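What's counted below: heavy atoms across the whole structure, side chains too, no hydrogens, waters or symmetry copies. It should be emphasised that the depicted structure is a prediction, and the values quoted were computed from it without experimental measurement.
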Amino acid sequence: MNQGPSRLPFYIAVFLLIAAGISLAVWRHVELGIPWLTGEQRPVWMVEARVDFDGSNEPVVASLNVPEQPPGFLILTEQAASPGYGFSIIDKSDSRRAEWTKRDVTGPQTLYFKAQFIPDASAEPVPPEQPPETRRLFWEEPEATAVREILAQAEARSSTPESMTRELIRLMQPDTRIQNTTLLVSEENYLPLLVNMLNHSGIPARTADGLKLEDARRRQHLTPFLQIYNGERWLTLNPKTAEQGVPDDLLLWRQGSGSLLDVVGGDSSEVSFSMIRQTIPALQLAAMQSEGNGLGFLSFYELPIEEQSMFRMLLLLPLGAFVVAFMRMVIGIRTSGTFMPVLIAVAFVQTTLIPGLIAFLSIVSIGLLMRGYLSSLNLLLVSRISALIILVIFITAGLSVFGYQMGFNTGMTVTFFPMVIIAWTIERMSILWEEEGGQEVLVQGSGSLFVAICAYLLMSAPLAGHLTFNFPELHFAILGLILLMGQYTGYKLSELRRFAPMKAYD
């Protein structure tokens, strides 16, 4: 007995199709940050640096260190507010600097630099291409002897750069200080001394400045931190407590550059910071990030607005096709035409449900009456259909004008209905009426409307429009499910009641 070809390759192909669609959607979510749900919001910190100085009637060059890939944050936007000044951001080997320039500056001056930062736990600075160099410093006696003894004591109690740093910080605290540390340490030189001693011991070290993020705070100043290089990356430590790591609410503004602010041609310069916590739509944020990282070409947002609107509608059609396939092959609902309900549902999306239903029923009802008259003329099929198309157009135009005069703007969107398909539907219903009777017309017509309404409810859902437009690869999964339904040969749900007496007889 011939068993027929194996269906295993088919099921494998369907599984790969569904897996590819879901995997690509997950990749788009992870890589581009596109949210799964509509209305999701993401926190964003807006930080403003204010530079004040007094001009001394000569050319000014003001240079402010600005962040470059701070740990735990991504930079979204940067801008400067400096009327009359030239502005540019200069990338140097060890830092990024915002530079303002102007000729002949006199009196108090204020410059602003604003940046938006997105919290991102996975954001880490790029490791240096070459290990940083250390330098051995020269101390005069008796400081040189004190430094050697403190470093020797810390080194004896440690085995790694991290533990060496922690022990050195502990030895230099006021409550644990011995005679040597008391000789060296003062409140003013504590952190520079710590950095110099670590470099002297062969551990690359530098200072960093962090900004504690608190909503709606003004005139804030940076807090100094210690950074050491452990052979792979820079580690941040609190110079007072030796606590390692960057807190979630700390933005490292400066990491290792020579100075925070330099002003040439001005006096009494200072910088202060203000911040505010904002929220923006996650989808807007993902679109802005994709433009910045070069992945924008993978999104429909790069297309013109007119084409975006067209694709938003086209990408809903597979959902309608899925509903029709499910209703016909699994539920067993009879419709007029195979995919006429999809086109009706698309029209309902444009007109909304109630006006669309009224317009569709009016057009089909008037069209059936006119089709009856055309049938009495014994016209050929092509001529009859052509005449019917023209009549449908006039009926639609008349309903649109009537709706507009009555103040219903939705009447103007009736023209979206597929004229040729409606003409064929009227023709099919008329022939069905002649061959099967009015009951069959009512059954198939109501079935078409029911399936169209179900497809409309799915297609008009905000989540459906969001997923189909932002994750178009999910249509692979829909295609796989439709192919699986095409293999279903069992009883339809509507047939269970029909064949119930056979089960009772068995």
Side-chain angles (χ1 to χ4, degrees), residues 306 309-310 313-314 316-317 320-321 323-325 327-328 333-456 459-460:
E306 183 178 358
S309 301
M310 178 189 67
M313 183 58 61
L314 286 179
L316 291 174
L317 291 179
V323 171
V324 172
M327 290 294 185
R328 286 178 63 92
I333 296 178
R334 286 180 289 174
T335 62
S336 176
T338 306
F339 287 102
M340 181 62 186
V342 178
L343 300 176
I344 299 175
V346 171
F348 287 168
V349 170
Q350 295 289 316
T351 63
T352 68
L353 184 58
I354 301 303
L357 272 174
I358 295 174
F360 178 78
L361 293 175
S362 301
I363 293 172
V364 173
S365 299
I366 299 174
L368 282 174
L369 293 176
M370 293 185 173
R371 166 60 175 77
Y373 173 73
L374 293 175
S375 179
S376 65
L377 298 177
N378 295 322
L379 299 175
L380 296 176
L381 176 63
V382 175
S383 177
R384 189 166 64 241
I385 291 296
S386 301
L388 201 55
I389 290 174
I390 296 174
L391 290 175
V392 166
I393 292 175
F394 274 105
I395 295 170
T396 305
L399 288 175
S400 297
V401 173
F402 176 76
Y404 178 75
Q405 295 296 332
M406 295 295 294
F408 301 110
N409 292 333
T410 52
M412 300 300 292
T413 60
V414 173
T415 55
F416 193 82
F417 277 108
M419 303 301 175
V420 177
I421 302 299
I422 286 185
W424 269 109
T425 300
I426 295 172
E427 177 69 18
R428 285 171 57 86
M429 286 185 173
S430 181
I431 295 175
L432 190 64
W433 191 300
E434 295 173 356
E435 296 179 351
E436 302 290 341
Q439 182 178 357
E440 186 64 22
V441 172
L442 185 62
V443 169
Q444 292 192 15
S446 59
S448 297
L449 282 180
F450 175 75
V451 174
I453 291 173
C454 292
Y456 160 77
M459 295 165 65
S460 61

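Closest approach of V323 and V451 over heavy atoms only: CG1-O, 4.2 Å. Here the shortest heavy-atom pairing between C454 and M327 reads SG-CE, 3.6 Å. Contact record, P341 with S448: CB-O, 3.8 Å, taken as the closest heavy-atom pair. Across every non-hydrogen atom of A452 and A345, the tightest pair is O-CB, 3.4 Å. Contact between L357 and F348 at its shortest, heavy atoms only, is N-CE2, 3.5 Å.
Residue Y456 holds its OH atom at 5.0 Å from CG of L353, rounded to the nearest 0.5 Å.
By the side-chain contact (heavy atoms from CB on, under 4.5 Å) test, F394 pairs with I390, sequence neighbours left out. Shown here are the side chain to side chain donor-acceptor pair (under 3.5 Å) partners of T335, two or more places apart in sequence or in another chain: R328.
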Item checked: side chain to side chain contact (heavy atoms under 4.5 Å, CB included) assessment of V346 paired with L316 -> CA-CA 8 Å; V346 171; L316 291 174; over 6 Å; no

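Between I366 and L391 there is no side-chain heavy-atom pair separated by less than 4.5 Å.
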